Number of protein chains: 2
Amino acid sequence: MSKKTTIYDIAKALNITAATVSRALNNNPRISADTKKMVLETAAELNYKPNRLAMALKSGKSKNVGVVVPYINRSFFSNVIHGIEEELNPMGYNVIICQTHEDAKKEADVLQNLLNAQVDGILISASRQTKGTEHYNQILRKNVPLIFFDRKLNVRGANSVTLDDYEGAYQATQHLIDQGCTKIAHFTVDRYLEIYENRFHGYKQALKDNNIAFDENYIVTLESDIEAGKDAAKKLMELPTPPDAIFSASDPGALGAIQYLKGIGLQIPKDFCVVGFSNEPFTQFMELTISTVDQSPLLMGKTAAKVFLEQMGANNVKIEKQMVLAPSLKIRKSSSRLDPSS
Amino acid sequence: MSKKTTIYDIAKALNITAATVSRALNNNPRISADTKKMVLETAAELNYKPNRLAMALKSGKSKNVGVVVPYINRSFFSNVIHGIEEELNPMGYNVIICQTHEDAKKEADVLQNLLNAQVDGILISASRQTKGTEHYNQILRKNVPLIFFDRKLNVRGANSVTLDDYEGAYQATQHLIDQGCTKIAHFTVDRYLEIYENRFHGYKQALKDNNIAFDENYIVTLESDIEAGKDAAKKLMELPTPPDAIFSASDPGALGAIQYLKGIGLQIPKDFCVVGFSNEPFTQFMELTISTVDQSPLLMGKTAAKVFLEQMGANNVKIEKQMVLAPSLKIRKSSSRLDPSS
DNA sequence: TTGTAGGCGTTATCAG
DNA sequence: CTGATAACGCCTACAA
């Protein structure tokens, strides 16, 4: 029972040839109903399962796609992956997941590895350290579809599915202004990445549209973690004119800030308002729930997957699609002065 | 540049045969240093990359392993996967991740799918609905190593890496008793699964060892989510003799209970102590940090991966290993009457 | 409708 | 040390 049964075993059992078995199994019209039935029956009896490796080698299609993310254990990314799988598994694709740990070298490695594994496509959210685009061109040169999601780089021939980060940041900032905040600081992460750059611009534009002067001192660049958020908030509060609100491009940054501000006796949202970005689960679990911008990761994953499927469907026609999803501001306690409902 | 270069291309370029090229590439001793050098050089020039599919078909080893979990977007599981990848990627394995959504049928499907994809092994945390073990036997019959982690079922020939849930529960309960609690309730999830059954027994034994009577009314079975936790806490507090502590087998359950208890005016930990299980990230982010039992998911993943590698190393020798990891109680505010630090 | 033969890219077993 | 050949499991012209 250890040896796997092949189409040859079926052929032998029926005194026919493997080619005929293959046709029966593939709904090839050039076969009689009788033999087809017999083949199907004995295939079931012998518990035949096709060897995907052989099919892949023959067809040049592995039915595997690579998904590359900085970290798998981040709510946003694992939910995007969830969306990708939901769309791709029913179409017979398996998903190979790789992490870059925000390391450009590691990213190049896993991409090469995926290429060697003959994946049919690659969906990727670029690592923060990635600067060049040569790895990506190499993928496209091999005619492997490349789809960026969330963190894109500008690569000709690649598709992308991103959030309208500008709009999300604009809404978040406008919301803070609507709450009566006038000295709004901004936490950014890495403006080399479009997503953070766009959030910065959305923030800036909202200030401008409300005739609030932009103050460079209110911009802090920090890692996306709680400790960094605390430090950054401390730094801001030591300014001659400390801010009265923070729009953070990351949720952990927002949480750290909140913890620090409460620690020095400020009341949120009465004295100070905070809005984050990403809608990480913990933002809802806190007693003081945190306002944030939802990125609909599930939808992003599904959309990226659909773009890939289109690409596969289009015979040799190169599609170059840039999709942008709408953000959704979640107003919660950390910024709700006017309407204090959850 | 679209066509991939094969060993034949290298052979042609050097006027030698593909077999020789193969030997050069594989550190086969039966080859001259000269030709080897030339092959390596032109391989680099032509940008040759081995086709893993072909190697897989030839060798019968795909260098892929399947990892099956209920949900990928749960901190515990995504960290286990993280650990698995960290161990397996350096050994040249790719990880194919599948989700069951706690659905036994889906689980059977993905397992079959992984088998068809010729994975070299399967690491799995069983879905809650899975009752039979026939799918698993089928895997073992094909000589594909099967390693359970966390949620195991008893299958002969399979390996497992689990947490000492009994011990974790015992420690948690003993800790509550040490805080002066005497009427300790228990939230369980699904006692068909060993992990929950063991947590239940650990809880029970700790009571017994402290001469506290076991009360069936204090046992509530609920889904692992916040709303269910609230409902369950409500139910408990409506008992003639409500409890003064809860040991919850899940963190969301503990959080829901805390939210309900605070809602009715109880002070935690002064009036009521709560301990959860899993050390989900949010348990540390709350203002009222939640005591919980850490399952060291990263270590669990690495350990499961190592068991797999051992299995692959052992030539035809069947190993059947049951590894048990030690739990680690994290004492936080939700149960710290005596030492109010952290 | 079915059989034959060749090939996908690689490696292993023979000879030479 | 190197070359020829077969094989892994499947598919597909082409021929019968």
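Here is the naming used below: chain letters follow the sequence lines, and residue numbers restart at 1 for every chain. Predicted model, so just to flag it, every value in this text is computed and none were measured.
With a heavy-atom cut-off of 4.0 Å to chain A, the contacted part of DNA chain D has its first and last nucleotide at dG9(D) to dA15(D). For DNA chain C, the span of nucleotides reached by chain B at under 4.0 Å from its heavy atoms goes, 5' to 3', from dG9(C) to dA15(C).
Nearest heavy-atom pair across Gln311(B) and Ile319(B) is NE2-O, 3.2 Å. Nearest heavy-atom pair, Lys49(B) versus Asn116(A), reported as atom, atom and distance to 0.1 Å: CB-ND2, 3.3 Å. Minimum interatomic distance between Asp120(B) and Phe308(B) (heavy atoms only, all atoms of both residues): O-CE1, 3.5 Å. Nearest heavy atoms, Ala108(B) versus His135(B): CB-CD2, 3.2 Å. The two residues Pro70(A) and Arg151(A) make their nearest non-hydrogen contact at CG-NH1, 3.5 Å.
Note on Lys302(A) versus Glu85(A): no salt bridge recorded, every NZ/NE/NH1/NH2 to OD/OE distance being 4.0 Å or above. Lys37(B) has a carboxylate O that lies under 4.0 Å from a charged side-chain N of Glu41(B), or vice versa, which qualifies the two as a salt bridge. Salt-bridge formation is detected for the pair Glu310(B)/Lys321(B): a Lys NZ or Arg NE/NH1/NH2 atom is positioned less than 4.0 Å from an Asp or Glu carboxylate oxygen.
Residues Thr5(A) and Ala33(B) both approach DNA chain D. Their nearest nucleotides, taken by heavy-atom distance, put Ala33(B) toward the 5′ side. Residue Thr35(A) is the one, among Tyr48(B) and Thr35(A), whose nearest nucleotide of DNA chain C lies closer to the 5' end (criterion: closest heavy atom). Toward the 5' end of DNA chain C, the nearer of the two residues Lys58(A) and Thr6(B), judged by each one's closest nucleotide, is Lys58(A).
Under 3.5 Å, the side chains of Thr35(B) and Ser32(B) contain a donor-acceptor pair of N or O atoms.
Using a 4.0 Å cutoff on non-hydrogen atoms, the parts of residues 20-31 of chain B near DNA chain C are Ser22(B), Arg23(B), Asn26(B), Arg30(B), ordered by number.
Residue Leu53(A) is classed as having no contact, given no heavy-atom separation below 4.0 Å to the nucleic acid. Nucleic acid contact class of Ser59(B) (heavy atoms, under 4.0 Å, all strands): none.
Among residues two or more places apart in sequence or in another chain, the ring pair (Phe, Tyr, Trp, His ring centres under 6.0 Å) test is passed with Tyr71(B) by His101(B). Residues forming a ring pair (Phe, Tyr, Trp, His ring centres under 6.0 Å) with Phe77(B) (at least two apart in sequence, or on another chain): none.
When the C1' atoms of four end pairs are superposed on the next four at each end of the helix from dT1(C)-dA16(D) to dG16(C)-dC1(D), using five pairs per end, the two resulting axes differ in direction by 50°, to 10°.
Just one of Leu111(B), Ile122(B), Asn154(B) meets the side chain to side chain contact (heavy atoms under 4.5 Å, CB included) condition when paired with Tyr136(B); it is Leu111(B).
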With side chain to side chain contact (heavy atoms under 4.5 Å, CB included) as the test, would you mind laying out the steps for Val39(A) and Leu14(A) before giving the verdict?
CA-CA 8 Å; Val39(A) 168; Leu14(A) 292 172; 3.9 Å; yes

